[in-house]
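I have placed the structure first, in the form of structure tokens, so that the comments after it can refer back to it.
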2 protein chains.
Amino acid sequence: MGTVAKALSLLNLFSMEQPEIGLSDVARLSGMNKATAYRLLSELQSQGIVEQVGPDRAYRLGPGVLRLAALREASVPLLTVAREVVRALSDETGETAHMSVIRGTRLSALTYAYSQAHATRVTMENATDLAFHATGSGLAVLAFSDPGFVNETLAQPLPAYTEETVTDSAAVRAALDAARLTGVAECRGLFEAEVHSHAAPVFGPDGKPLGALAVAAPYARMTNATAAHIHAAVIAGTRELTHRTGGALPADYPTGAPT
Amino acid sequence: MGTVAKALSLLNLFSMEQPEIGLSDVARLSGMNKATAYRLLSELQSQGIVEQVGPDRAYRLGPGVLRLAALREASVPLLTVAREVVRALSDETGETAHMSVIRGTRLSALTYAYSQAHATRVTMENATDLAFHATGSGLAVLAFSDPGFVNETLAQPLPAYTEETVTDSAAVRAALDAARLTGVAECRGLFEAEVHSHAAPVFGPDGKPLGALAVAAPYARMTNATAAHIHAAVIAGTRELTHRTGGALPADYPTGAPT
DNA sequence: AACCGGCGGTTCAATTAATGAACCAACGCG
DNA sequence: CGCGTTGGTTCATTAATTGAACCGCCGGTT
């Protein structure tokens, strides 16, 4: 891994749960020598990508990323369109909808919407950082990613989050095969207990996934008819989101209903 | 300059006017060898910071920056608060207000608001990339930046944008001295003809400017009373914006009215 | 008060990565 | 068809990065 990629990989350590991280923790979490981490962070800081705060001089993402995002959004309004599509998807299905983008070896939630259709709903507070092998979004992305990326992801330890989590990479591959047939990955309780999710990849201009669009609902509300409805809505949603942001659906992306 | 900073400096080439740039142009604009630029861009691309599009494989900012900005905004809502403050400032002054952040050797507009108070207004379409020496925002930032940064900035060629633009670095320094006395940089027609702007720096947690807050109005509406009103509003605005985003005003930042 | 363990930060010999001139195939233009 | 430009590649040379060991400071414990 080149020096630039190494430095940028440090940015993947920041999350909603951990927006500020000290130097020693950055070194520990990334597996780098503290001197190396220090130097890389200093260079990121010199460009405004990270900054240091507080008496303990912890690092956090800096203002420079806002301007990059604003420039990006000006030409490819992914966040703006995603908010609209996610809102509409939540309204149509009556459940929680969200969109996430690839962040190193995980997915990071970019935007989500709750529905007022029911008194209970799947919440996103503990789901801003999603594991590939254990979420509908993750499986949807892997199903349409390059084999190299899939191999790299499944070569890492696959932790269990619930009693249902599949931690055997062969079983995960079988789930990917199923997702490839229908274009939607279904996931029952792998990441959060009693949550059934449907997710489809969102594609970039190179025809590769850049993230996923998903609907998450409690088991109790999931009938076959509901599942079919959500499946179709997610497919339509990702087609719209991909199209409106200049992405390209792969030629072999399925159009049909679930079998 | 380290490799990481070098790679990130390439991101400064992208602008509202030029959201996509080919490899040879990146090399030409940055002064780097094409092979070097290619390698650095490939590493940025591997982390989703840039992506390639179109038949000519031009580069543009990638989706990875959106998620970084979302994480940053979740803990330090600079963009969200800036939008509010800029909106309020425009309403209060009846003129165009905007906020920009430092981007290498220039300032990049982050958000702006127009007022409906008059039939004519200063527009922002041609002012998303601001020169330090020739804009109120730029002078405001320089006035409260470290001497090293000021020296580095003024050592570069200072192009003229209008007949009023000051291109002599000693004269620019005199303008910085004036801004230090009042906390606000005034700028008459240096960047756009017949536009009078007032700007104040917005400070980060380290007490250094991370950008500027400004009001731009046509000459024709600028009376002494109006100027004093705008001056006070900009000072109040930057105090609020700095405070609400966890920034720290330097101890010597002026509080008084213009002399 | 003394000691300990951890923090952020620094140094420099050894190691590794980056560099860029020269090259390639492809493409559009006259 | 020839030319000039593009995106992309190669590898001997050059430069940057690395990380073990170190530093001062700080908070907690005895």
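Chain letters run A, B, ... following the sequence lines, proteins first, then strands; residues in each count from 1. Atoms considered below: every heavy atom in the structure, side chains included; atoms not considered: hydrogens, waters and symmetry mates.
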To the nearest angstrom, the CD1-P distance between A:I21 and C:dC7 comes to 13 Å

Separation of atom CG in A:N33 from atom C1' in C:dA13, rounded to whole Å: 15 Å

CG (B:L10) and CD (A:Q47) are apart, to the nearest 0.5 Å, by 9.5 Å

Contacts of B:R57 and A:E43 projected onto DNA chain D by closest heavy atom; the upstream (5') one is B:R57

Kindly assign one of parallel, tilted or perpendicular to the pair A:Y161 and A:H133, based on the angle between their ring planes and the thresholds 30° and 60°. tilted

Could you pick out which residue, A:L23 or A:V4, lies toward the 5' side of DNA chain C when each is mapped onto its nearest nucleotide? A:L23

note: B:L40, atom CG; D:dA16, atom P; distance rounded to Å ~ 13 Å

Closer to the 5' end of DNA chain C via nearest nucleotide, is it A:A58 or B:M32? A:A58

To the nearest 0.5 Å, atom CD of A:E73 lies from atom OG1 of A:T245 at 9.5 Å

Round to a whole Å and report the spacing from NZ of A:K6 to C1' of C:dT16. 10 Å

From D:dT6, C:dC7, D:dT9, pick the nucleotide closest to the side chain of B:S24? D:dT6

To the nearest Å, give me how far apart CG (B:L44) and P (C:dA18) are. 12 Å

Return the value, rounded to whole Å, for the distance between atom CG of A:L41 and atom P of D:dT18. 12 Å

Whole angstrom is fine here: how far is it from CG in A:D25 over to P in C:dG8? 7 Å

Record whether the side chain of B:K34 comes under 3.5 Å of the base of D:dG7 through a donor-acceptor pair of N or O atoms. yes

Take A:K208 and B:E51 through the test salt bridge (Lys or Arg N to Asp or Glu O under 4.0 Å) and record every step on the way to the result. CA-CA 11 Å; A:K208 289 172 187 160; B:E51 65 183 7; over 6 Å; no

Would you say B:Q45 reaches D:dG8's phosphate, i.e. side-chain N/O to OP1/OP2 under 4.0 Å? no

To the nearest 0.5 Å, tell me how far B:Q156 CD sits from B:S169 OG. 12.0 Å

From C:dG20, C:dA17, C:dG9, pick the nucleotide closest to the side chain of A:T3? C:dA17

Return no unless some side-chain N or O of B:Y38 is found under 4.0 Å from OP1 or OP2 of D:dT9. yes

Spacing of B:R39 atom CZ relative to C:dT16 atom C1', expressed in whole Å: 14 Å

